[in-house]
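Order of the sequence lines sets the chain letters (A, B, ...), proteins ahead of strands, with each chain counted from 1. In this text the structure is predicted, and so the values were computed from the model without any measurement.
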There are 2 protein chains.
Amino acid sequence: MRRLDFQRKTRVIVVDDNYDHASGIRELINLENEYEVIANAGNANVAISLIKKYQPDIVLMDMNMPDVDGITAISKISELNLDTRIIVLTAYDDPDLIFRAMKLGAKGYILKTMASHQLIHALDEVSQGKIYLPNVLCSRFFEYFQNFEKNQQNASYEDENNLLNDLTNREEEVLSLLTQGVTYKGVAQKLFISETTVKTHVNNIFQKLQVNDRTQAVLYAINKGFLNRQKIKIAV
Amino acid sequence: MRRLDFQRKTRVIVVDDNYDHASGIRELINLENEYEVIANAGNANVAISLIKKYQPDIVLMDMNMPDVDGITAISKISELNLDTRIIVLTAYDDPDLIFRAMKLGAKGYILKTMASHQLIHALDEVSQGKIYLPNVLCSRFFEYFQNFEKNQQNASYEDENNLLNDLTNREEEVLSLLTQGVTYKGVAQKLFISETTVKTHVNNIFQKLQVNDRTQAVLYAINKGFLNRQKIKIAV
DNA sequence: AATTTTCTAAACCTAAAGATTTAGATATAT
DNA sequence: ATATATCTAAATCTTTAGGTTTAGAAAATT
């Protein structure tokens with residue numbers, strides 16, 4: 001099932017620095033009744049101005065281009081907040097590339113090595129508002145995604161060279177308040193201890209984390225995933 | 001193509017608080033030569049201790065359970081760092097649930113309404129190290145994923161009530177250095193301006209961001225996605 | 001029973017941070 | 001041409017922050 005609205009074709013812009021390749025794709029797409037390629041772009045900057053001008057339904061974007069790379073291009077296009085949907089067309093099944101493209105809002109991802117009918121299928125799916133990601137690439141994506149999330153968490157606890165593990169409970173409490181922008185006086189009041197005690201704790205924290213001031217301690221804590229899940233809050 | 005190693009069956013534990021349902025799944029799976037259900041668990045805590053004990057190849061996990069919910073259970077299981085792969089089995093195609101389950105490392109996700117052969121197919125795929133996520137659920141996932149990422153970025157720029165937009169270029173430069181834990185003196189040296197000028201800028205920044213000190217300013221910046229992409233670095 | 005951590009707290013000091021006012025120089029816009 | 005915004009900088013002052021040493025009490029280890 002394709003588009004129901006036959007009055008207006010789905011408008012596509014092809015972005016590829018290889019002219020022959022772009023022409024091939026253009027002809028392939030124009031064979032289909034539902035689609036028409038309204039423009040070609042040989043590099044990212046031309047592509048962006050064309051997209052601004054014509055606001056196409058779909059952009060077919062090659063990834064390896066001179067000057068501005070595909071990822072940056074996608075990023076800039078999605079900042080325009082148009083209804084234009086991007087399908088990535090590339091030779092590489094690099095998980096990182098897939099992950100970043102999808103993260104930036106690409107609606108489809110196909111390899112150049114894939115059969116041409118898959119390209120049309122992708123157009124069909126994406127023009128219907130779906131996401132098109134072939135199984136192989138989907139697996140690659142999740143590979144990367146789950147590793148990424150795991151690292152985000154493992155950066156926190158269990159880590160051997162995570163100096164946060166050297167902190168005592170009380171020191172963790174103090175650091176937790178520091179990461180909310182609380183002053184020594186504030187910490188003292190909240191923990192019902194004297195200000196000098198807070199200073200003692202803080203100095204111990206600095207030594208253990210090998211930093212020189214509260215800002216660096218806070219940055220260390222955030223980097224190492226201390227207070228990962230709960231959104232960082234600023235105490236007033 | 002199923003498993004190549006016929007000498008040892010793939011060992012499965014079923015976690016479902018509905019005993020009848022669990023039994024049904026057990027029988028279904030035991031019809032297959034390659035799999036054997038070695039245990040049932042009616043709640044998450046039992047499940048976790050069984051998994052610790054038997055270290056199964058695959059866990060089929062129901063999501064709506066009493067006491068400890070499925071997401072928490074997955075989280076705890078993945079903290080064990082076993083080779084056990086988790087397949088989620090639930091009645092809901094809630095995007096948030098799918099997203100969180102996959103984020104925590106679930107290798108498959110199927111709806112209870114789906115045909116039984118899909119369950120076996122999921123077991124096949126996952127036992128081969130692949131990820132099994134039916135197209136419908138995959139779309140749901142990406143829906144959520146892309147919205148999530150978009151919000152993370154939009155929290156930064158374009159936001160109306162983002163006070164960071166009020167900062168001048170120079171103030172942004174100063175703030176950027178503050179978020180690296182640089183002192184006033186350090187900022188002065190790096191920007192080739194006097195320390196008092198830095199103080200002026202900093203005070204303006206505080207007023208614009210409506211905060212009282214550098215730590216709060218840094219936290220505000222981080223929360224609003226200032227320095228989103230580049231990993232936070234501590235200057236030494 | 002003896003030792004080590006941990007939490008508490010003081011005194012004393014220096015350095016850095018932050019608040020406030022004032023002001024000159026350069027742009028940029030109206 | 002005259003506001004307006006931005007970047008610069010000084011002087012002055014108060015408040016935190018941070019460094020260092022010392023030390024008592026309680027709890028956990030060995």
Item to check | A:Arg170 CZ - D:dA28 P separation (whole Å) | outcome: 15 Å
Checklist outcome for this item: In whole angstroms, the gap separating P of D:dG18 from OH of A:Tyr184 amounts to 4 Å
Checklist entry - For D:dG19, does OP1 or OP2 lie under 4.0 Å from any side-chain N or O of A:Asn203? => result yes
Next on the checklist: Counting only side-chain heavy atoms from C-beta out, which of D:dG18, C:dG18, D:dA9 sits nearest to B:Thr200?
Outcome noted: D:dA9
Checklist entry - Do the ring planes of B:Phe141 and A:Phe141 sit parallel (below 30°), tilted (30 to 60°) or perpendicular (above 60°)? => result perpendicular
Next on the checklist: Rounding to an integer number of Å, can you tell me how far A:Arg214 CZ sits from D:dA17 P?
Outcome noted: 4 Å
Checklist entry - Does A:Gln55 reach the main-chain N or O of A:Thr84 with its side chain, forming a donor-acceptor pair under 3.5 Å? => result no
Checklist entry - Rounded to whole angstrom units, what separation is found between the CD atom of A:Gln189 and the P atom of C:dA9? => result 14 Å
Checklist entry - Looking for any heavy atom pair under 4.0 Å, which part of the strands does B:Thr196 touch: base, sugar-phosphate only, or nothing? => result base
Item to check | Integer-rounded Å distance: D:dT16 P and B:Gln216 CD | outcome: 13 Å
Checklist outcome for this item: Taken to the nearest whole Å, CD1/B:Ile205 to P/C:dT20 is 16 Å
Checklist entry - Under 4.0 Å between a side-chain N/O of B:Thr197 and OP1 or OP2 of D:dA9, yes or no? => result yes
Item to check | Among D:dA9, D:dG18, C:dT8, the one nearest A:Ile193 by side-chain distance | outcome: C:dT8
Checklist entry - Below 4.0 angstrom from OP1 or OP2 of C:dC7, is there any side-chain N or O of A:Thr168? => result yes
Next on the checklist: Which label fits A:Phe145 and B:Phe145: parallel for a plane angle under 30°, tilted from 30 to 60°, or perpendicular past 60°?
Outcome noted: perpendicular
Next on the checklist: Are the side chains of A:Asp57 and A:Arg8 in contact, using a 4.5 Å heavy-atom criterion?
Outcome noted: yes
Next on the checklist: Under 4.0 Å, counting only non-hydrogen atoms across every strand here, what does B:Lys199 touch: a base, just sugar-phosphate, or nothing?
Outcome noted: base
Next on the checklist: As a test of understanding, state which of B:Asn223, B:Thr179, B:Asp213, B:Val211 forms a side chain to side chain contact (heavy atoms under 4.5 Å, CB included) with B:Val218.
Outcome noted: B:Thr179
Next on the checklist: Strictly below 4.0 Å: does B:His201 bring a side-chain N or O up to OP1 or OP2 of D:dC7?
Outcome noted: no
Checklist outcome for this item: B:Glu195 CD to C:dA15 C1', in whole Å, measures 10 Å
Next on the checklist: Without decimals, in angstroms, what is the distance between B:Leu191 CG and D:dC7 P?
Outcome noted: 11 Å
Checklist entry - Closer than 4.0 Å, any side-chain N/O of A:Ser194 to the OP1 or OP2 of C:dA10? => result yes
